[in-house]
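In this text the structure is predicted, and so the values were computed from the model without any measurement. In what follows, chains are A, B, ... by sequence order, proteins preceding strands, each numbered from 1.
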Protein chains: 2
Amino acid sequence: MNRTAIEMELAASVLKLLGDKTRLTIIGLLKDGECCVCEFVDLLNMSQPSVSQHLRKLRDAGLVKERRNSQWIFYSLNKDHEAFSIIESVIQLIPDQKEKLHQLEISGRRIRCD
Amino acid sequence: MNRTAIEMELAASVLKLLGDKTRLTIIGLLKDGECCVCEFVDLLNMSQPSVSQHLRKLRDAGLVKERRNSQWIFYSLNKDHEAFSIIESVIQLIPDQKEKLHQLEISGRRIRCD
DNA sequence: TGCATATATAAGCACATGCTTATATACTAA
DNA sequence: TTAGTATATAAGCATGTGCTTATATATGCA
């Protein structure tokens with residue numbers, strides 16, 4: 001028995017959340033920092049309600065944290081999640097989203113607050 | 001850009017398949033070898049059609065291979081799958097199923113053919 | 001050949017999922 | 001206070017999912 005194993009039920013529920021292209025991309029975008037909803041809407045080319053609903057699922061599962069700053073709400077990975085090791089592993093195996101964030105930055109649509 | 005990254009769409013589809021407790025357990029049971037359908041039915045305590053349907057999804061995705069030997073069909077992981085690295089990573093993070101297979105063995109219900 | 005075992009498949013159904021549109025809430029700035 | 005921007009939520013709907021029951025197919029054995 002793997003001493004530090006993530007219980008089957010929990011692992012399955014996390015993998016299920018990752019098993020959607022939109023949410024998986026969101027996780028990828030959060031690899032190196034925070035993003036706010038409007039950035040996701042921009043980068044994913046999806047409606048705002050749809051993005052919000054995906055973020056809600058991730059937040060309900062505790063996989064992401066949110067932080068309000070002025071009118072924006074910034075999302076980030078919750079590294080304290082019991083199953084964060086799954087996120088960590090998967091994030092290494094999918095295409096890096098750094099370039100997309102960079103494009104956002106140089107087009108002046110990147111939101112930065114701290 | 002990660003040179004060996006698994007495309008987002010493919011990764012999501014594999015993770016979606018892993019995002020079901022039954023299928024995730026099947027993958028865990030295949031970690032160290034093959035199993036036939038009746039063993040899964042026994043170990044998972046599920047109906048045979050239900051198990052077969054899960055195996056079909058895994059097979060359709062190319063994640064498992066099948067081999068017929070006499071009246072049994074043995075399933076095993078397809079290590080050549082493009083996204084096998086995801087399986088490999090996840091399998092290390094979930095509870096090991098070795099003990100369950102051992103129990104099957106000592107109760108004389110383990111099927112062995114080669 | 002005929003029956004038992006192992007497996008696959010089909011049909012039906014309840015429920016989950018992910019989108020859309022519409023609307024509510026929260027904050028900022030004029 | 002009013003308008004604008006950012007976000008969340010609700011309702012509705014089409015489609016997907018995973019089970020069940022019933023049946024088909026394949027193999028082995030008497």
Side-chain angles (χ1 to χ4, degrees), chain A residues 8-9 12-27 29-30 34-61 63-76 104 108-114, chain B residues 8-9 12-27 29-30 34-61 63-76 104 108-114:
Chain A
M8 211 55 105
E9 200 117 14
S13 69
V14 169
L15 290 165
K16 185 177 206 169
L17 285 168
L18 298 181
D20 172 277
K21 194 188 175 185
T22 300
R23 287 191 297 264
L24 188 57
T25 307
I26 287 175
I27 295 293
L29 287 165
L30 295 179
E34 350 176 87
C35 284
C36 69
V37 183
C38 59
E39 290 174 318
F40 290 129
V41 170
D42 193 328
L43 290 163
L44 299 168
N45 206 33
M46 289 189 69
S47 74
Q48 176 268 315
S50 193
V51 168
S52 275
Q53 282 156 14
H54 283 298
L55 286 169
R56 184 143 125 83
K57 289 192 180 191
L58 292 172
R59 194 199 51 192
D60 284 352
L63 293 176
V64 300
K65 294 181 295 186
E66 61 179 29
R67 168 180 81 87
R68 178 181 278 275
N69 189 315
S70 174
Q71 73 259 53
W72 297 285
I73 296 179
F74 289 88
Y75 284 87
S76 58
L104 201 69
R109 283 168 301 147
R110 181 77 162 127
I111 315 255
R112 281 251 161 263
C113 282
D114 32 21
Chain B
M8 211 54 104
E9 200 116 14
S13 69
V14 168
L15 291 165
K16 186 177 207 169
L17 285 167
L18 298 181
D20 172 277
K21 194 187 174 186
T22 301
R23 286 191 297 265
L24 188 57
T25 307
I26 286 175
I27 295 295
L29 287 165
L30 294 178
E34 350 177 87
C35 284
C36 69
V37 183
C38 58
E39 290 175 318
F40 289 129
V41 170
D42 192 328
L43 290 164
L44 299 168
N45 206 32
M46 289 190 69
S47 76
Q48 175 268 314
S50 192
V51 168
S52 275
Q53 283 156 14
H54 283 297
L55 287 168
R56 185 145 126 82
K57 290 194 178 187
L58 293 173
R59 195 200 52 193
D60 284 352
L63 293 176
V64 301
K65 295 181 295 186
E66 60 179 29
R67 168 179 81 88
R68 178 180 277 277
N69 189 312
S70 176
Q71 73 260 51
W72 297 285
I73 297 180
F74 289 89
Y75 284 86
S76 58
L104 201 69
R109 284 167 301 149
R110 181 78 163 128
I111 315 258
R112 279 252 160 263
C113 281
D114 31 21

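- When the side-chain nitrogen and oxygen atoms of B:His54 are compared with OP1 and OP2 of D:dC19, one or more of them lie within a distance under 4.0 Å.
- By the side chain to side chain contact (heavy atoms under 4.5 Å, CB included) test, A:Ser70 pairs with A:Trp72, sequence neighbours left out.
- Projected onto DNA chain D by closest heavy-atom contact, A:Lys16 and A:Val37 fall at different nucleotides, the more 5' of which corresponds to A:Val37.
- Remark: P of C:dA6 and OH of B:Tyr75 are 15 Å apart, rounded to the nearest angstrom.
- Set against D:dT9, D:dC19, D:dT27, the side chain of B:Thr22 has D:dC19 as its closest nucleotide.
- Taking atom CZ on A:Phe40 and atom P on D:dT5, their separation rounds to 22 Å, with Å as the unit.
- Backbone-only contact: A:Lys57 has heavy atoms under 4.0 Å from sugar-phosphate atoms and none from a base.
- Under the 4.5 Å side-chain criterion, counting only non-hydrogen atoms from C-beta, A:Cys36 is not in contact with A:Arg68.
- Residue A:Ser52 is in base contact, counting any heavy-atom pair closer than 4.0 Å across all strands shown.
- Atom CZ of B:Arg68 is separated from atom P of C:dA6 by 12 Å (rounded to the nearest Å).
- Atom P of nucleotide C:dT17 and atom CG of A:Leu24 are separated by 17 Å, given to the nearest angstrom.
- Around atom CG of A:Asn45, no more than 12 heavy atoms belonging to other residues, nucleotides or ligands sit under 6.0 Å away.
- Taking NE2 from A:His54 and NZ from A:Lys21, the interatomic distance works out to 12.0 Å, rounded to the nearest 0.5 Å.
- Remark: C1' of D:dG16 and CG of A:Asp20 are 13 Å apart, rounded to the nearest angstrom.
- Note: CD (B:Gln71) to P (C:dA4) measures 15 Å, nearest angstrom.
- Side chain of B:Arg23 to backbone of B:Leu17: a donor-acceptor contact under 3.5 angstrom is found.
- Across the protein-nucleic acid pair, B:Asn69 atom CG and D:dG28 atom C1' stand 12 Å apart, rounded to whole Å.
- Of the residues near DNA chain C, B:Phe74 and A:Ser50, the one whose nearest nucleotide (by heavy atom distance) lies more toward the 5' end is B:Phe74.
- Residue side chain A:Gln53 reaches the base of C:dT20 through a donor-acceptor N/O pair under 3.5 Å, judged by distance alone.
- For D:dT27, the OP1/OP2 oxygens have no side-chain nitrogen or oxygen of B:Ser70 closer than 4.0 Å.
- In this structure, B:Lys57 NZ and B:Ile26 CD1 are separated by 11.5 Å, a value rounded to the nearest 0.5 Å.
- Distance B:Trp72 CH2 to C:dA8 C1': 18 Å, rounded to the nearest Å.
- Terminal axes of the helix from C:dT1-D:dA30 to C:dA30-D:dT1 (five pairs each, C1' rotation axis) are separated by 10°, to the nearest 10°.
- B:Glu39 has no carboxylate O lying under 4.0 Å from a charged side-chain N of B:Arg109, or vice versa, which leaves the two without a salt bridge.
- A:Gln48 and A:Ser52 form a side-chain donor-acceptor contact under 3.5 Å, judged by distance and modelled atom types alone.
- For A:Gln48 and D:dA8, a side-chain-to-base donor-acceptor distance below 3.5 Å is present, hydrogens and geometry of angles not being considered.
- Listed pair B:Arg56 / C:dT9 meets the phosphate criterion, a side-chain N or O lying under 4.0 Å from OP1 or OP2.
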